[in-house]
Amino acid sequence: MAMAIDKLKKNNIYAISILFDEMLSDFYKKFGFFVMCGGQIIC
């Protein structure tokens, strides 16, 4: 994860959004992600 974050910063990317299962929230929080609630509708 550190390599990915470093690469983003080197490319002047300072914000990204990712989709992940709720059970992975703690994993992403460890790396500084701000976890927001969201929803999806499939038609």
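Counting heavy atoms from C-beta outward, Ile18 and Tyr28 have side chains that approach closer than 4.5 Å.
Residues Ile16 and Val35 share a hydrophobic cluster, clusters being chains of Ile/Leu/Val/Met/Phe/Trp/Tyr side chains in contact below 4.5 Å. Hydrophobic clustering, with ILVMFWY side chains joined whenever heavy atoms are under 4.5 angstrom apart, keeps Leu8 apart from Tyr14.
With hydrogens and angles disregarded, no donor-acceptor distance shorter than 3.5 Å links the side chain of Asn11 to the backbone of Ile13.
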Run the side chain to side chain contact (heavy atoms under 4.5 Å, CB included) test on Ser25 and Phe33 for me, step by step, so that the C-alpha distance in whole Å, both residues' side-chain angles and the decisive distance to 0.1 Å come before the verdict.
CA-CA 9 Å; Ser25 293; Phe33 282 86; over 6 Å; no
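Under the side-chain contact (heavy atoms from CB on, under 4.5 Å) criterion, Phe27 pairs with Met1, Lys30, Phe31, sequence neighbours left out.
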